[in-house]
There are 2 protein chains.
Amino acid sequence: MTKEVVPDIVIARLPRYLQCLNLMAKEGLHTVSSGVLAERLGTTAAQIRKDLSYFGGFGKQGSGYPIYSLIEALQEILNLDRIWQVAVVGAGDLGRALTRYQGFPRRGIEIKLLFDVDPKLVGTKVGSITIQHVDYLEKEIQHHGIKIGVLAVPAEYAQLMADRMVEAGIEGILSYAPVSLILPESVHAQHIDPVLQLQTMMYYLGED
Amino acid sequence: MTKEVVPDIVIARLPRYLQCLNLMAKEGLHTVSSGVLAERLGTTAAQIRKDLSYFGGFGKQGSGYPIYSLIEALQEILNLDRIWQVAVVGAGDLGRALTRYQGFPRRGIEIKLLFDVDPKLVGTKVGSITIQHVDYLEKEIQHHGIKIGVLAVPAEYAQLMADRMVEAGIEGILSYAPVSLILPESVHAQHIDPVLQLQTMMYYLGED
DNA sequence: TAGATTGTTAATCGATTAACAATC
DNA sequence: TAGATTGTTAATCGATTAACAATC
């Protein structure tokens, strides 16, 4: 039996399904059809059914999907059934805002380390985390066995810090730096750059 | 002559090309081949040539693309040849960090308005912007003729604030709220949710 | 039971890649 | 000129959609 590979794009949609299902559970719903879920998400029923079918049959003909057990199944598929510790590099406005962001602990993400080069910041606290000098980046990441890093440094330092994180054993990087990073195939990278997203929008808004 | 429609996914890549080209220009390069650009971006030469060909022929056989004129062409295509004013709703950690973000003015984005409901925040300044009460959202957005809004409010208020922005004439929304928004077809929406991106990553990192 | 909805297959659609003539 | 590289066409690949038998 060859294990069928699930397309990346399907994996990327699962967290959105989960987010919506959690909201529905909060609203007191117990069951949802692919059609209703699709409408809330702005996608199609067929796509949701197809995506879920990569992992098994979670629904019941006639009634749809039991919300609570589908949530549990998706959490297990995505490895969300534990707390993931994260290291943040860069304690500027963004790094500090991320460290304080309530949405992380609420969804199983714990910011454990925060680094900066600025001696005025090193030693100060952001919430319960003390900012450490980047000199200790490798040592601390290894010591805590952290696998996920967040880059919140200026573009010029992003590649260097990414390299150091990878060296220290980081396997996934979420970068807020406005540059393309060159990373080993084995490292999973995600990028957030609001300017790129706004510029995409400007193409469509420009037709006045 | 029927104007061929350019796929959304092509448009979404253009800002990344532009970002890389700007960096190369800064490095003093004058010309770049699709192959070299592709390597820096982690994509393929064929894709870059195909994407650019939707808009015309910008390169020269034998030598590649003149960086400076390709930058100018992309800026014009994306309507970046002017300053875009933006309204930010929500002046929490994130909203304030975005308002101070240097990367916006540097790339033609001017945060002009900042709103919140918190009376302790209203009237205070973030950089040169005074936080205004959301009661004035519609009036101010209309007065300045602003077309782009950024949502930096908690999930519970996101849909409501999105509706009000649309009502006020906003045509593009960049949302940092962790919910799916339901918006008219005519409004261009972009979402940023680091949790969703980290959860996608966790699927791949989980195989230990 | 009748109606609703799943899981899955096959058809369609669209995007990426390969290849190469044109040409700088 | 010879080598390099574009712009474009055709081939391939993969993702989405439609359709429907199975079944709750």
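Every chain is numbered from 1, with letters handed out A, B, ... down the list of sequences.
Protein atom CG of B:Asp8 is 14 Å distant from nucleotide atom P of D:dT16, rounded to whole Å. At whole-Å resolution of the value, NZ in A:Lys60 and P in C:dG3 are 21 Å apart. Rounded to whole Å, atom P of C:dT8 lies 13 Å from atom CZ of A:Phe55. Rounded to whole Å, atom C1' of D:dT9 lies 12 Å from atom CZ of B:Arg49. For B:Ile11 and C:dA15, the CD1 to C1' distance is 14 Å, given to the nearest whole Å. Spacing between atom CG of A:Leu52 and atom C1' of C:dT6 amounts to 11 Å, rounded to whole angstrom units. Following rounding to the nearest Å, B:Leu70 (CG) and D:dT5 (C1') show an atom-to-atom distance of 15 Å. Per the geometry, CD1 belonging to B:Ile48 stands 14 Å off P belonging to C:dA18, to the nearest Å.
Using modelled atom types, one side-chain atom of A:Asp116 and one backbone atom of A:Ala91 make a donor-acceptor pair closer than 3.5 Å.
Between A:Tyr65 and D:dC24 there is no side-chain N or O to OP1 or OP2 distance below 4.0 Å. Close to C:dA15, at under 4.0 Å from its OP1 or OP2, lies no side-chain N or O of B:Tyr54. Using a 4.0 Å cut-off, some side-chain N or O of B:Arg13 falls inside it from OP1 or OP2 of C:dT16.
Looking at the side chain of A:Ala46, the nearest of the listed nucleotides D:dT6, D:dA18, C:dT6 is D:dA18. Distance from the side chain of B:Gln47 is smallest to C:dT16 among C:dT16, D:dT16, D:dC24. Of the listed nucleotides (C:dT5, D:dG7, D:dT17), D:dT17 has the atom at the smallest distance from the side chain of A:Lys50.
Checking C:dG14 for Watson-Crick or G-U wobble geometry (two distances, each under 3.5 Å) identifies D:dC13 as its partner. Shown here, D:dA21 forms a base pair with C:dT6; the pair counts as Watson-Crick or G-U wobble because both key distances fall under 3.5 Å.
Between A:Thr44 and B:Gln61, it is B:Gln61 whose nearest contact on DNA chain D lies nearer the 5' terminus. Between A:Pro7 and A:Ser63, the residue anchored closer to the 5' end of DNA chain D is A:Pro7, taking for each the nucleotide with the nearest heavy atom.
With respect to the salt-bridge test (charged N to carboxylate O, under 4.0 angstrom), the residues B:Asp193 and A:Arg107 qualify. With salt bridges taken as basic N to acidic carboxylate O contacts below 4.0 Å, one links A:Arg40 and A:Glu27.
A donor-acceptor contact closer than 3.5 angstrom links the side chains of A:Asp8 and B:Tyr204.
Taking 4.5 Å as the limit, some side-chain heavy atom of B:Leu18 sits within range of a side-chain heavy atom of B:Ile71.
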